[in-house]
Protein chains: 4
Amino acid sequence: MTAQVTPQQETRTSVGARRSEATEAAVLEAFATLLDEVGYAAITMEAVAKQARAGKATLYRWWPTKAHIALSLISKAKVEIAPPAGVSLRDDLIDYLSRMIGLWRGDAGLPVGVLVRHCYAEAWSDPELAEALQAERRERWTMLNDILQAAMARGELPTGTDLARAKDFVMSWPIYLLMTDRLPSPEEIARMVDDTLGGLRSGSSRHPSRDT
Amino acid sequence: MTAQVTPQQETRTSVGARRSEATEAAVLEAFATLLDEVGYAAITMEAVAKQARAGKATLYRWWPTKAHIALSLISKAKVEIAPPAGVSLRDDLIDYLSRMIGLWRGDAGLPVGVLVRHCYAEAWSDPELAEALQAERRERWTMLNDILQAAMARGELPTGTDLARAKDFVMSWPIYLLMTDRLPSPEEIARMVDDTLGGLRSGSSRHPSRDT
Amino acid sequence: MTAQVTPQQETRTSVGARRSEATEAAVLEAFATLLDEVGYAAITMEAVAKQARAGKATLYRWWPTKAHIALSLISKAKVEIAPPAGVSLRDDLIDYLSRMIGLWRGDAGLPVGVLVRHCYAEAWSDPELAEALQAERRERWTMLNDILQAAMARGELPTGTDLARAKDFVMSWPIYLLMTDRLPSPEEIARMVDDTLGGLRSGSSRHPSRDT
Amino acid sequence: MTAQVTPQQETRTSVGARRSEATEAAVLEAFATLLDEVGYAAITMEAVAKQARAGKATLYRWWPTKAHIALSLISKAKVEIAPPAGVSLRDDLIDYLSRMIGLWRGDAGLPVGVLVRHCYAEAWSDPELAEALQAERRERWTMLNDILQAAMARGELPTGTDLARAKDFVMSWPIYLLMTDRLPSPEEIARMVDDTLGGLRSGSSRHPSRDT
DNA sequence: GGATAAACGAGACGGTACGTCCCGTCTTGAG
DNA sequence: CTCAAGACGGGACGTACCGTCTCGTTTATCC
């Protein structure tokens with residue numbers, strides 16, 4: 001394949017017995033393009049194949065459903081989150097959640113939150129996907145674990161705090177908002193963290209909020 | 001409406017130019033049957049029509065998508081939740097959430113939680129459904145509003161607490177658990193309420209929990 | 001792809017699967033079976049697909065309407081007509097029309113006449129079918145052209161006779177009878193040819209006939 | 001509705017409302033309108049009812065299929081044909097066929113030929129319609145019978161000519177042209193009559209004609 | 001004048017078939 | 001051996017009409 005001018009899409013050729021990385025990249029890019037153009041629900045394997053100039057059989061060989069393609073995109077995107085400063089629990093959580101919610105919102109160019117929630121939904125009827133999703137989640141939340149452990153070491157949290165349970169508690173509100181399509185603004189994130197740290201009785205819930 | 005009880009397979013006759021309540025009931029029952037037999041994802045409008053002995057056009061006349069049928073079932077099921085005792089905020093919340101989570105789990109015969117989470121998911125790409133779902137949610141959470149308001153009156157919550165925000169905070173963990181397919185047991189509900197009331201720093205997160 | 005100077009623009013490096021002849025045969029056979037079992041009007045594309053164990057999309061890929069399937073069957077059936085003897089015009093016409101009417105009646109196992117008349121009817125509102133039907137008719141009547149030309153050469157017809165018009169004249173009575181569901185017996189065919197050759201004033205119309 | 005033997009209630013003679021002539025007229029007019037707007041094939045009972053502002057049940061009460069409505073329209077239209085002059089067979093036939101073909105073409109405002117040929121087609125699978133159509137045809141061709149009989153009386157046709165057969169012969173070419181959507185112009189009608197009277201060997205087929 | 005009953009408009013009903021779309025698999029020929 | 005292309009059997013989609021029915025109203029006779 002020499003230089004010829006293919007203005008839109010460069011034709012990829014088969015290389016024989018090896019998996020084509022170019023094809024994988026083309027598929028992920030095609031998925032992202034379609035996500036932007038028609039929305040997750042309207043994406044079909046057929047359209048992804050056509051957009052990526054890939055054969056349908058090739059798609060199915062590497063990804064059993066479109067949710068798995070979405071998960072591949074999520075896995076690629078998660079590296080964008082930077083490590084925390086480690087000063088105070090409140091600051092660390094605000095920083096961590098701000099980055100994650102920014103990623104969800106699409107600050108990195110891809111609305112990862114949309115992919116995440118659809119993966120959750122499809123996992124309800126696909127145990128294999130549920131397992132893959134859990135693995136992804138466990139890996140992604142390693143940093144949250146570090147944050148909480150550091151806070152416990154600094155005495156900001158009682159020793160013996162159940163970290164797994166605390167992680168759930170911290171993530172439950174953001175994920176709830178993701179699921180109800182109301183991702184919070186930066187100020188709302190701060191208040192959310194205050195509520196999480198102090199609980200209902202602390203009084204931080206007195207700020208006005210949008211109605212549900 | 002006199003006595004006669006023909007409980008099964010009553011032949012519905014064509015009713016003419018007004019909406020047939022018998023058909024509506026047959027459709028909802030058929031949906032519930034199929035939900036039990038094949039699961040939400042595998043339900044098709046075609047199968048619902050067949051199971052209900054109804055025409056597809058009749059289905060589409062009253063429910064634009066299967067999620068709307070699910071929402072009808074949810075609305076019918078919500079009356080099962082009884083009013084709270086009004087003694088203490090903690091008890092009221094535990095009671096309220098226990099009832100709601102029991103309803104979700106299927107204690108009333110129908111796994112309402114499955115319907116709810118799929119409605120959330122389909123609302124992501126269906127604004128009309130999103131609105132209907134929000135109306136349903138607002139109505140269902142009236143009682144939660146009453147609980148919080150009573151607690152505020154009793155002095156258990158700071159005066160001026162943003163109730164809409166507080167409702168979100170209370171519901172976020174249960175809904176997060178619904179979305180991740182891990183509905184809590186009664187004891188877990190109590191601890192969940194303690195965390196919600198006290199926040200992370202209160203120390204109630206020290207109990208062990210399942211890993212995510 | 002090395003040689004870039006391909007004058008005929010042969011950039012197709014992948015061709016895809018080819019049309020299945022087995023499926024085409026199965027569809028035509030299914031159509032014939034249903035024609036026999038339920039009649040033309042009651043045939044549906046759905047039933048043809050099911051009978052042929054083919055997908056509906058496959059049917060629509062190759063035949064836009066059921067009339068096109070009928071036309072395919074007609075085209076396959078027409079090869080049954082043998083060439084004429086070439087002795088006298090009257091004998092040739094009787095032979096030709098007898099064969100054609102026999103084909104129409106179903107002597108070859110398939111009631112081609114039923115297919116033909118329905119194709120005519122559907123061509124009234126389908127220009128594309130009308131064109132295909134005309135092409136078929138032109139090809140089928142080649143032999144009639146030969147018969148008339150031979151008769152002209154033998155002096156049985158005036159030189160300069162408009163053959164296209166003569167063909168119409170010869171075929172008009174048989175087709176009229178086909179359209180009114182009264183295909184003639186062999187004896188009636190002979191008298192029909194006599195009328196056609198001699199016209200009303202020749203007196204051959206004096207034989208009794210069925211009422212219309 | 002006269003006295004029938006009903007043992008219980010002898011004289012219950014309330015007759016209720018009568019058939020509405022306004023409705024019948026509205027239906028026929030609606031059918032003609034739709035014929036002009038969308039063509040015969042696309043006309044549905046539903047659309048006729050709506051266009052006529054009539055209930056579907058009313059339509060079905062008086063006309064079992066749309067072909068029967070078409071037949072009603074044909075019957076109303078046929079009165080337009082005037083009686084023949086009775087001078088010569090050729091002139092009478094030309095006059096008669098010209099009027100009929102003009103009616104078919106739509107000179108009276110309604111393309112009767114379109115209705116006629118669709119009635120023929122639907123009669124292939126509707127014996128009741130076939131019978132009604134034959135009655136209509138018999139009545140309409142009374143005048144053709146008169147023409148032939150007068151010609152026989154004048155000696156233009158051999159005595160003993162089978163009139164029913166002769167009618168078929170005369171009508172076969174016009175109807176064939178109607179069925180192939182090629183209604184003839186006035187000049188073509190004259191040549192058609194000449195062919196019919198003289199037959200193929202008379203030589204009148206030497207004029208050029210459109211190809212089939 | 002009141003009762004009665006047929007016919008009416010409107011349109012919901014249980015159905016069937018439509019033609020389209022996509023699924024996941026299989027076939028073909030190129031590289 | 002893998003690839004792009006795309007035909008295949010299958011099945012659900014949402015729509016359009018079918019012919020039947022019920023609803024409540026409007027006639028038109030008859031008592």
Side-chain angles (χ1 to χ4, degrees), chain A residues 1 11-20 22-23 26 42-47 49-50 52-61 64-66, chain B residues 12-20 22-23 26 42-47 49-50 52-62 64-66, chain C residues 1-2 12-20 22-23 26 42-47 49-50 52-62 64-66, chain D residues 1 11-20 22-23 42-47 49-50 52-62 64-66:
Chain A
M1 180 67 57
T11 306
R12 284 169 283 104
T13 55
S14 174
V15 293
R18 279 164 191 67
R19 176 172 182 176
S20 162
T23 294
I43 293 177
T44 66
M45 293 294 260
E46 199 120 4
K50 190 171 182 184
R53 300 189 59 81
K56 285 169 66 178
T58 306
L59 247 69
Y60 283 107
R61 194 188 323 278
T65 72
K66 72 169 175 171
Chain B
R12 282 171 295 105
T13 58
S14 193
V15 292
R18 297 284 178 274
R19 178 169 186 178
S20 162
T23 294
I43 292 178
T44 65
M45 292 295 258
E46 197 122 2
K50 189 174 181 181
R53 304 187 56 80
K56 284 171 65 178
T58 303
L59 252 68
Y60 284 106
R61 184 169 3 252
W62 305 115
T65 72
K66 72 171 177 171
Chain C
M1 192 183 301
T2 48
R12 285 186 34 156
T13 59
S14 184
V15 289
R18 291 287 157 76
R19 178 171 185 175
S20 161
T23 294
I43 293 177
T44 65
M45 293 295 259
E46 197 121 3
K50 189 174 181 182
R53 302 189 57 81
K56 284 171 65 178
T58 304
L59 251 68
Y60 283 105
R61 184 168 6 249
W62 304 116
T65 72
K66 72 170 177 170
Chain D
M1 186 178 297
T11 6
R12 297 200 336 168
T13 39
S14 182
V15 291
R18 291 287 160 74
R19 176 172 187 179
S20 161
T23 294
I43 292 177
T44 67
M45 292 297 258
E46 200 121 1
K50 191 172 181 184
R53 302 187 59 81
K56 285 170 65 179
T58 305
L59 248 69
Y60 283 106
R61 195 189 321 277
W62 303 114
T65 72
K66 72 170 176 171

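- One can place CZ of R19(C) at 17 Å from C1' of dT28(E), the figure rounded to the nearest angstrom.
- K50(B) places its NZ atom 10 Å from the P atom of dT16(E), with the value rounded to the nearest Å.
- The nearest pair of heavy atoms linking E46(A) to K56(A) is OE1-NZ, 3.2 Å.
- For the residue pair A26(B) and A52(B), the shortest heavy atom distance occurs at O-CB, 3.6 Å.
- Between T58(A) and the phosphate of dA4(F), there is a side-chain N or O to OP1/OP2 separation shorter than 4.0 Å.
- No contact: A49(C) has no heavy atom under 4.0 Å from any strand.
- Around atom CZ of R53(C), no more than 12 heavy atoms belonging to other residues, nucleotides or ligands sit under 6.0 Å away.
- Atom CG in L59(A) sits about 13 Å away from atom C1' in dA5(F), given to the nearest Å.
- Counting non-hydrogen atoms under 4.0 angstrom, R61(B) reaches a base of the nucleic acid.
- Distances shorter than 4.0 Å separate none of the side-chain N or O atoms of R53(D) from OP1 or OP2 on dC8(E).
- Computed from coordinates, the Y60(C) OH to dC21(E) P distance equals 13 Å when rounded to whole Å.
- Listed candidates were dC8(F), dA4(F), dC13(F). Nearest to the side chain of W62(C) is dC8(F).
- Summary of the strand contacts: K66(B) and A47(D) both lie near DNA chain F, and taking for each the nucleotide with the nearest heavy atom, the more 5' one is attributed to K66(B).
- For the pair R18(B) CZ and dG9(E) P, the computed distance is 16 Å after rounding to whole Å.
- The distance from atom CD of E46(B) to atom P of dG15(E) is 13 Å, rounded to the nearest whole Å.
- A donor N or O paired with an acceptor N or O is found under 3.5 Å between the base of dG24(E) and the side-chain atoms of K56(A).
- In this structure, T23(B) does not reach the dA12(E) phosphate: none of its side-chain N or O atoms is under 4.0 Å from OP1 or OP2.
- Among all heavy-atom pairs drawn from A49(A) and L59(A), the shortest one is N-CD2, 4.1 Å.
- Between T65(B) and A57(C), the residue anchored closer to the 5' end of DNA chain F is A57(C), taking for each the nucleotide with the nearest heavy atom.
- Between the CE atom of M45(A) and the C1' atom of dT25(E) there is a distance of 13 Å, rounded to whole Å.
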